Engineer: 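Below you will find the structure I want to go over with you.
Chain naming here is simple, since letters A, B, ... match the order of the sequence lines and numbering starts at 1 in each. As the structure is a computational prediction, the values presented were derived from the model and not from experiment.
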4 protein chains.
Amino acid sequence: MDYHAILEHVLADIEPEIGCGRVADYIPALRSADPDRFGMAVADVDGPVTGVGDWEAPFSMQSVSKVFALALVIAADGEQVWQRVGREPSGNPFNSLVQLEHERGIPRNPFINAGALVVTDRLLSVTGDARGAMLDFLRAESGNPAVDFDPVVANSEAEHGARNAALGYFMASHDNVENPVPQVLEHYFWQCAIAMSCRDLALAGCFLARHGVRADGSRLLTRSDAKRVNAIMLTCGTYDAAGEFAYRVGLPGKSGVGGGILAIVPGRCALAVWSPGLDARGNSVAGVAALDRFTTRTGWSVF
Amino acid sequence: MDYHAILEHVLADIEPEIGCGRVADYIPALRSADPDRFGMAVADVDGPVTGVGDWEAPFSMQSVSKVFALALVIAADGEQVWQRVGREPSGNPFNSLVQLEHERGIPRNPFINAGALVVTDRLLSVTGDARGAMLDFLRAESGNPAVDFDPVVANSEAEHGARNAALGYFMASHDNVENPVPQVLEHYFWQCAIAMSCRDLALAGCFLARHGVRADGSRLLTRSDAKRVNAIMLTCGTYDAAGEFAYRVGLPGKSGVGGGILAIVPGRCALAVWSPGLDARGNSVAGVAALDRFTTRTGWSVF
Amino acid sequence: MDYHAILEHVLADIEPEIGCGRVADYIPALRSADPDRFGMAVADVDGPVTGVGDWEAPFSMQSVSKVFALALVIAADGEQVWQRVGREPSGNPFNSLVQLEHERGIPRNPFINAGALVVTDRLLSVTGDARGAMLDFLRAESGNPAVDFDPVVANSEAEHGARNAALGYFMASHDNVENPVPQVLEHYFWQCAIAMSCRDLALAGCFLARHGVRADGSRLLTRSDAKRVNAIMLTCGTYDAAGEFAYRVGLPGKSGVGGGILAIVPGRCALAVWSPGLDARGNSVAGVAALDRFTTRTGWSVF
Amino acid sequence: MDYHAILEHVLADIEPEIGCGRVADYIPALRSADPDRFGMAVADVDGPVTGVGDWEAPFSMQSVSKVFALALVIAADGEQVWQRVGREPSGNPFNSLVQLEHERGIPRNPFINAGALVVTDRLLSVTGDARGAMLDFLRAESGNPAVDFDPVVANSEAEHGARNAALGYFMASHDNVENPVPQVLEHYFWQCAIAMSCRDLALAGCFLARHGVRADGSRLLTRSDAKRVNAIMLTCGTYDAAGEFAYRVGLPGKSGVGGGILAIVPGRCALAVWSPGLDARGNSVAGVAALDRFTTRTGWSVF
């Protein structure tokens, strides 16, 4: 399979959509992103990685980090986390408090903000350093020691973090937070503020295409757990557009408001795409279009 | 692949779960189902069908019929139906009015009751006989002319159909019903009341494993539309347990409160399973367990 | 107290607000109302009635009828109705299904549509003719045998009654309807379609100012029940603006989308006002303003 | 009017209800309250105060403090506060986040916790010391310099204040908080933790019966504003039981989970009652019963 040729075709196909949508503006540090950037990378399960466009430019991971936090907490702590967070699509905008209240402080899934706070809280308990554990993992898998936190973004998140603070305190009021809320928030904000390129992200996520096996051949997740993380990405990975993403792209995927998306073709490859213009539901317009084209051209949907 | 041997193993594995759960009791006609029944069938994309247990005993399709209604309306009418129904998981019990009100009469997806009423309404407009069109299709695909409506169930549905009537009138108040509400309800109740066996259901659903191609080699859906129907089954097919079903089974599936489930292994086979005992979310306990075992034994999850 | 002089002052005060707001348009028969009409009448507990403007022109009662249905059902059936309907403000737009679902088919209060359907259903069971019982009462209290149903409005309500049908069937699905839903709806629509003037309405409602005593000196309600109906009017009588109405006017009141409002000064008088222009919550703009001015000028708020 | 005789009768009438209900247990400091305590006091607009039972024993004000915070902020700042908080009954349990989210951070009324936080926030901005301003006012009106904060209760509130913190941060995320959230919470918790007796509370609340005039004859609120505060008490003062309270008691009232209730007979007197056993909605069982009996015996409902 000539990945590079496919990516070139995909880029040509979706060029008109680059620059569409709106750059995230909920924190000042993201507002300055250039909507005309676009990058895409593919990491094959057997190692090679290739890309097109701005595929080596770092961007802010944002919610894409949630899938790594989930994998790390399952690796370290097994099934425990499912006592404190569900596995169902939310059917509501990604940071809704309504469902959380209705369900007594148990977030619907680990990819809405409330659920990710629970995962980070648990990862913090288990590792002692949730953000550090994630950074170490991402550097190791990408082979790039320059992957790092962006302190400007992290501080901006904290300054505008009232809504996440509300989620954290709300869950604390239901005894679903183990560590002090401000500490959990800090680790969460720093995880979201990790910057890395499509190249690095595709490499880092490839363990999910390899059924749980890391770049160095060691196993992070059991085959069964890797399959399950993919299932949760498919049903819950793109905010309130998971049904639409499954319908159009047909792959497990996790998006972030920085404009990045990680998608998995189980057994074959991991895809990373980035373009800052977002649709109304917070997913990259050009990114979703590119994944749509990729699966159409290759026929590699899971369905 | 020796399907029969696998099914025998699956049956042995899940035997303790047969009889677990509660038989649906919302209409009298379903209450009398025997909780100790269990059947399972596999229809290969190349034709052969085999099964174990009560795989040739007819049961009430109930909501499994919704996937056929959707396929038939897309086949007849293309993308039109998506103007009137969404594609997102509901995140609420299957017959909730809340979300419907919040979203102005547009049901979240075609597999919740409200969405299925919209699909039936449109199928009625397009074919002139929604229930007849479905029955014809099911008979043709299964090769079994004895597949038929169960009038006792249909009348029982109608007698206890106040909630579906509420859904219908509510959508009518939002101008999302084309035909008279009582007529739409009648076709909907009769569709749900079709009785067929696991054997017949696996054969009838196999066009989704064949990427849209019917038993006679003609095409019902484009490859792309077949893929999309599978995607919707995976994200929305098992009421408020779609995330759980994807996590455990990892296949597109559609369940009904009669205890039946249709699941698709794209490119390989269609699976039908039936056992009347339901879990709290309305899915067959032994049925889900059997599909879980099947995918574990074969490794045929989509993830 | 020279009521006529006060009403003249009130009319002068609020003249600029006549014609403001929007005429109800949910049924064609109400759309043709002239927004520049305004009438107001006061009926003293001792008998005399006087008015200004179009105080003798008949208008459509709409939801003002709900307070008479409630009084009649309490008179005929005592406290029974409170098993099937609550007494709390709804905190939601007047015809919301959300709360009804959350509270298992028990409407929050008798003045939201769902609650009024329950009251009419019970009044139908008790009297055999809910709409006839109301018409008889209104004619007797007003002394005007010309008070009558407006069949054009009644039929228009029925034609556009899908939402009320949805409410009715929804409550039926919770076993909170005794009579066939279509019959309950018919009586409800005809009650709402009664046309009467401010003069007639003030006279008809004066039993609530007389602590339960009718125009002929006989008792409809106990003193305690009359007080309670007034309390429910104050907390629930003006849709989702009950707090605002209490804040501005400070009297028990019941409004209708025909532009009419009945308000009670306990022990003194009943006020009826009519002007078709409605605010965003469905209350007459000039009507609320006139009542506000009346209580300011007289100091007759209950607070 | 011989208030003391009436109170004696009331006490005899409701004696069986003393000890009913459950003492508030959401913070440890309230759990130790003795459910068998009961006190009631009446302060006449002309000055005299009398009582029965434990009418001179201090108890924790809790939410009764909200009515004083509202009056003080209106006195200091006029109508400004209504830009940031509504005036409608909530139709939901008293600390619900759902409505707050639906209405973009504007609490429904000043007597739900979220609304009270907004009032305290504004009072803090205007006075520089929200809790101090309230304490000064209560001491002056009651003539009792021993009225004071209970630091054990205040600290217990803070320790178990995660839910109120969630409310505060949630509103901050909607730009509806002016001061740092922790500071607002601290003033709010200390206001709730003021301890005073029925005697002191009746005297302190009597300005609402005197149409805004303080004990020393000076005016705190205009007549119109005093009327309006009473209106809000009636429609919103007893959590999700305002309709029920209006129906049974028929007076403006504000309750607290410490078991206290302040009720106003406009133009006549202020009533304070205390008994720690609460009903399911958080109102004192014996307290509501006593007010019900008082209005029945005197005929002094506002309706």
Engineer: What's the spacing between D:T235 OG1 and C:E244 CD if we round to 0.5 Å?
Structural biologist: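 Taking OG1 in D:T235 and CD in C:E244, the distance rounds to 10.0 Å.
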Engineer: If you take all heavy atoms of C:R108 and D:D240, which pair is closest and at what distance?
Structural biologist: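 Where C:R108 meets D:D240 most closely, the heavy atoms are NH2-OD2, 2.9 Å.
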Engineer: Which heavy atom of D:E79 sits nearest a heavy atom of C:Y247, and at what distance?
Structural biologist: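 Nearest pair, atom of D:E79 first, then C:Y247: OE1-OH, 3.4 Å.
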Engineer: Output yes when D:R281 and C:E88 qualify as a salt bridge under the 4.0 Å nitrogen-oxygen rule, no when they do not.
Structural biologist: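 Answer for the salt bridge query: yes.
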Engineer: Select one option (side chain, backbone, both, neither) describing which atoms of C:R248 are under 4.5 Å from chain D's heavy atoms.
Structural biologist: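 For C:R248, the backbone is the part near chain D, not the side chain.
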Engineer: If you count heavy-atom pairs under 4.5 Å with chain C, which of D:S224, D:A231, D:A226 comes out on top?
Structural biologist: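 Looking at each option in turn, the highest pair count goes to D:A231.
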Engineer: Please name the pair of heavy atoms, one in C:P89 and one in D:G243, separated by the smallest distance, quoted to 0.1 Å.
Structural biologist: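 Scanning both residues completely, I find the closest heavy atoms to be CD-N, 3.9 Å.
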Engineer: Shorter than 4.5 Å, heavy atoms on both sides: which option in D:L251, D:N230, D:V265 has the most such pairs with chain C?
Structural biologist: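 The option with the most such pairs is D:N230.
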Engineer: What residues of residues 294-303 of chain D sit under 4.5 Å from chain C when you count only heavy atoms?
Structural biologist: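 Listed by number, the contacting residues are D:T295, D:S301, D:V302, D:F303.
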